[in-house]
Every structure is written in C-alpha cells, then in structure tokens.
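Excluded from the calculations below are hydrogen atoms, water molecules and symmetry mates; all remaining heavy atoms, backbone and side chain alike, are included.
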Amino acid sequence: MSESDREANRFSARAARYARVGANMGGVAARMAGSRLFGGDDRDASNAAVLAQALGGLKGPIMKVAQLLATIPDLIPPEYAAELQKLQSEAPPMGAAFVKRRMQAELGPQWQSRFGSFELNPSAAASLGQVHRATTKDGEALACKLQYPDMQSAVEADLKQLEWVFALHRRMDPAIDTREIAKEIGERVREELDYEREAKHAALYARTLADVEEVRVPRVHPDLSTKRLLSLQWLEGEKILTFTEAPVEIRNRLAVAMFKAWWHPFSHAAVIHGDPHLGNYTVFSEGGEARGINLLDYGCIRIFHPRFVGGVVDLYRGLQTGDRARIVHAYETWGFKSLSNELIDILNIWARFIYAPLLDDRVRTVADGVKPGEYGRRQAFEVHRALKEKGPVTVPREFVFMDRAAVGLGAVFLHLRAELNYHRLFENEIERFSLETLDRRQAEALEASGLPRPM
C-alpha cells in the first residue's frame with residue numbers, strides 16, 4: 001500500500017471503529033455467553049433480538065459479515081439467522097458536499113468535466129459504498145459505485161471484533177470448527193474493497209456469459225474507475241420480487257436465467273457469484289415482457305481451482321448412482337479431512353438436501369411441497385445433532401460460498417415459485433464435463449480478464 005494512500009488500514013480509524021462496535025457488542029456478548037449462545041437455549045429468541053438491535057445501529061462492514069453468517073447453514077441457531085437476515089446492510093448516505101470531495105480524491109479537481117452528468121444524491125446505498133447515476137460525455141447511462149471513506153480500516157476492525165463469535169462457537173458448540181470459515185469470510189470481504197478487482201470480475205463474467213442471452217452484464221468504464229470508484233454501464237430493470245405474481249411461464253423464465261447466471265460460470269470457468277442477494281440483480285424486459293436478469297454487482301466473486309468443480313460433479317454423480325467411493329473422493333477433493341463413515345453419512349444428509357432438485361428428473365418446485373419457512377431446517381437439525389455426537393468437522397473454506405450460493409439461489413426459486421426440471425438444466429451445464437477442458441477455459445478467461453489463477 002502506498003504511503004500516500006490516506007485511506008489505507010490506519011490505526012486511528014480502526015481504534016475509532018473498535019470503540020463504536022465494542023460499545024454495542026460488549027454487553028451483548030456477556031449476555032449470550034451466559035445463556036450458551038449456540039446451545040439452543042429457550043432464551044435464544046430474546047438474545048437474537050438483542051444482537052440484531054446492537055448490530056442494527058452500527059451499519060457498515062459488520063452488517064455484511066453478520067448477514068453472511070446468517071446464510072451459512074447450521075453455523076448459528078435459526079433464531080439468530082432469522083434476526084440477522086432482517087438487518088439492512090445500508091449505511092447512511094454521504095451528503096452532496098462529501099460526495100464531491102470523494103470524487104475529487106478519485107478523479108481529480110476537474111472530475112465533473114469528465115461526465116455528461118452526475119447525480120450527487122445516491123440511487124442506492126449499501127454496506128461498503130453507494131451508487132450514483134451519471135452519464136458519459138456521449139450520453140451513455142452509468143452506475144457509479146463510490147466507496148465510503150476509511151472502509152479498509154472499518155473492515156479490519158469489524159472482522160477483528162467478530163472473531164469472538166467464532167471463538168465462542170468453538171468453545172460452546174464444537175460440532176463445526178469455524179476457523180477456515182473465518183479465513184474465507186475475511187478474504188472475500190477484503191476483496192470487495194478493491195474496485196479494480198471487481199472491474200476484472202465484471203469483465204470475466206461478461207466473457208463467460210457472452211452466449212447466455214438471458215443474462216446481461218454491465219460494461220466497465222475503466223477511464224472513470226479507480227480502486228474506490230467503479231463506473232459501470234447502467235442497466236435498466238425492475239426488482240425481481242415485482243414478478244412473484246406473474247404468470248408461471250414468466251417466473252420460470254426468470255428462474256432459468258438465475259440458474260444459468262450462477263451455474264454456467266461455475267461449470268465453464270470455475271467461478272461463482274457468492275452473493276445471490278435480491279439487490280444484486282434486476283429483471284430486463286423486451287417488448288413489454290420480462291426476458292431475463294441484469295447481474296449488477298461483482299464484489300463477492302469466488303474463483304475456484306478446477307478440481308473443486310470436479311468435486312461438485314463427482315458428488316452429484318456419486319449420489320445419483322449410489323457410488324460411495326466417488327462421494328468420499330468428492331469430499332476429500334474439497335478438503336474435508338479425517339472422515340469416518342459416520343461423518344460421511346452426516347455430510348450426505350446435507351448433500352442430498354442441496355442436490356435433491358438436481359437429482360430429481362421431473363418438473364418440480366425447489367421445496368417440493370415443503371413450506372418455505374421450514375425448507376432445510378429439518379436437515380440442518382439432523383446434521384447438527386449428529387455432528388454433536390460424531391464431530392467435530394472442519395468445513396473447508398472453499399465450501400462456504402458454494403453452499404451460500406446454493407442456499408441463496410434456492411431462496412430465489414422459492415420466491416418465484418418456479419416449476420422447472422432442475423435436473424435437465426444442471427445436466428446441460430455439465431454435459432461432457434472434463435477437468436482438462438475446464439482448466440483450459442478458466443486459464444483463457446482469467447488471462448483475458450487480468451485475474452490470477454487460483455492456487
């Protein structure tokens with residue numbers, strides 16, 4: 001980091017953030033520890049509400065991490081997950097004068113002359129930055145994402161403060177060892193601060209999804225982008241929840257677009273969008289009818305080694321044919337260690353739940369008759385109970401965002417009440433799959449996008 005970078009990870013900014021976060025979290029931690037935060041105590045519901053209230057006043061990066069914790073199955077009790085998922089990861093927007101100073105810091109004193117227009121009031125505000133509508137000198141509509149000040153310091157402080165969650169979890173409920181999960185969350189949140197990397201992610205997705213007409217990727221404007229400012233083509237669209245009561249053919253069409261947006265890059269370039277949040281895509285229409293989705297945000301992208309994708313395919317084929325050796329090989333490929341027969345059986349409970357729609361060769365909903373509020377809860381309870389007896393198990397870090405994407409996509413399909421043959425869709429994506437072909441495709445795509453290959 002350059003010495004001239006005034007927004008590098010600074011002790012003074014971290015100290016101020018520690019004070020803000022610590023004041024809200026300290027009393028909550030003591031209360032939770034006393035009632036065994038992760039033990040399923042009857043007081044979980046009230047403690048969860050207290051935690052949500054404490055976090056709700058903080059905003060910023062800690063909100064993003066808290067919501068991420070809530071999406072990892074069985075990491076925290078259902079009461080805590082439900083409360084954390086209600087939180088809005090939005091910070092108070094920067095005022096016009098402040099925006100001008102931020103833009104000048106990124107593009108120089110004549111920054112306004114580089115745009116045709118620039119709206120100082122944000123169109124959207126999130127945990128790490130806010131989005132402004134603008135136009136190029138040629139009149140093209142832009143979405144300019146401007147990072148809040150001192151975010152690197154805030155992220156480091158918040159991640160440090162949240163370490164107590166994982167430490168407490170290990171002491172009180174060692175069914176799942178969270179050390180690798182903590183590392184993965186930290187790395188991905190830090191990556192989201194680098195808008196130059198996000199621009200490369202967008203270029204990678206544009207290349208990978210070039211032949212998928214149901215998904216649109218915004219074009220990057222590098223001349224109007226920096227490490228903390230990202231200018232993308234503005235893609236017009238409506239919120240996907242607008243279409244929950246649309247005719248089933250429209251809902252199914254959007255669900256297919258979502259499926260391809262996540263599974264096609266994964267199967268063809270070993271990359272996945274780790275945040276299927278409803279705000280990260282909109283629906284585009286043509287001829288007055290919804291046709292597909294705009295994929296808008298590329299901060300939370302996970303690039304895998306091709307062998308990880310091979311493990312996903314191996315587990316799918318193993319479950320499909322009852323080939324236990326192939327199932328075990330898949331888990332070992334992912335990095336699960338010291339697996340006994342009992343632990344393999346426990347992991348298979350969750351695997352069969354996640355893979356169920358993909359293995360079932362018929363038109364169905366994702367939940368297949370299960371109430372949305374109960375979807376996955378029985379399986380999570382069974383896994384947790386079994387791991388308490390036979391565990392602990394260390395969850396490999398690569399597994400975190402893969403599982404998050406699967407659960408997040410399932411939620412979207414539930415919202416849409418989509419009725420699809422998910423098996424046929426998945427088979428189309430992995431048709432003639434080979435590690436050699438995937439390795440070659442990924443290498444070409446990453447090189448063209450200016451991204452390094454995974455280790």
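For Asp297 and Lys145, the salt-bridge test passes: some basic side-chain N is under 4.0 Å from an acidic carboxylate O. The pair Lys227-Glu196 does not count as a salt bridge, with every side-chain nitrogen at least 4.0 angstrom from each carboxylate oxygen. The pair Arg197-Glu192 does not meet the salt-bridge criterion, since no charged nitrogen lies less than 4.0 angstrom from a carboxylate oxygen. With salt bridges taken as basic N to acidic carboxylate O contacts below 4.0 Å, none links Glu213 and Arg291. Comment: Glu236 engages Arg133 in a salt bridge, judged by a side-chain N to carboxylate O separation of less than 4.0 angstrom. Comment: Glu286 does not engage Arg253 in a salt bridge, judged by the lack of any side-chain N to carboxylate O separation of less than 4.0 angstrom. One finds no salt bridge joining Lys183 and Glu187 here, because no Lys/Arg side-chain nitrogen approaches an Asp/Glu carboxylate oxygen to under 4.0 Å.
Taking every heavy atom of both residues into account, Met103 and Phe118 meet most closely at CE-CE1, 3.7 Å. Here the closest heavy-atom approach between residue Leu235 and residue Val217 is recorded as CD1-C, 4.0 Å. What you find for Ala261 and Val215 is that their closest heavy atoms are CB-CG2, 3.8 Å. Contact detail for Ser267 and Leu438: the closest heavy-atom pair is O-CD1, 3.5 Å. Summarising the geometry of Leu295 relative to Tyr205, their closest heavy-atom pair is CD2-CD2, 3.9 Å, with the distance given to 0.1 Å. Residues Lys260 and Leu209 share a closest heavy-atom pair of O-CD2, 4.0 Å.
Side-chain atoms of Arg251 come within 3.5 Å of backbone N or O of Leu416 as a donor-acceptor pair. Side-chain atoms of Ser449 do not come within 3.5 Å of backbone N or O of Leu451 as any donor-acceptor pair. Distance alone, capped at 3.5 Å, is enough to place a donor-acceptor pair between the Ser231 side chain and the Leu224 backbone. Within the 3.5 Å criterion, the main-chain N or O of Arg216 finds no donor-acceptor partner in the side chain of Asn294. Side-chain atoms of Asp314 never come within 3.5 Å of backbone atoms of Ile327 as a donor-acceptor pair (strictly under, hydrogens ignored). Counting only distance, with no hydrogens or angles, the side chain of His132 and the backbone of Glu119 share a donor-acceptor pair below 3.5 Å. Checked by atom type and distance alone, the side chain of Trp262 pairs as donor or acceptor with a backbone atom of His273 at under 3.5 Å.
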Run the side chain to side chain donor-acceptor pair (under 3.5 Å) check on His221 and Gln233 step by step: do they pass? CA-CA 7 Å; His221 286 257; Gln233 172 192 13; over 6 Å; no

Derivation and outcome, salt bridge (charged side-chain N to carboxylate O under 4.0 Å, His left out), residues Lys200 and Asp194: CA-CA 10 Å; Lys200 295 175 181 178; Asp194 187 352; over 6 Å; no

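Ring geometry for Phe259 against Tyr422 counts as tilted: the plane angle lies between 30° and 60°, on a 0 to 90° scale. The aromatic rings of Trp111 and Phe115 sit perpendicular to each other, their planes meeting at more than 60°, with 30° as the lower class boundary.
Inspection of the Tyr331 and Asn348 side chains reveals an N or O donor paired with an N or O acceptor under 3.5 Å. Glu106 and Thr226 form a side-chain donor-acceptor contact under 3.5 Å, judged by distance and modelled atom types alone.
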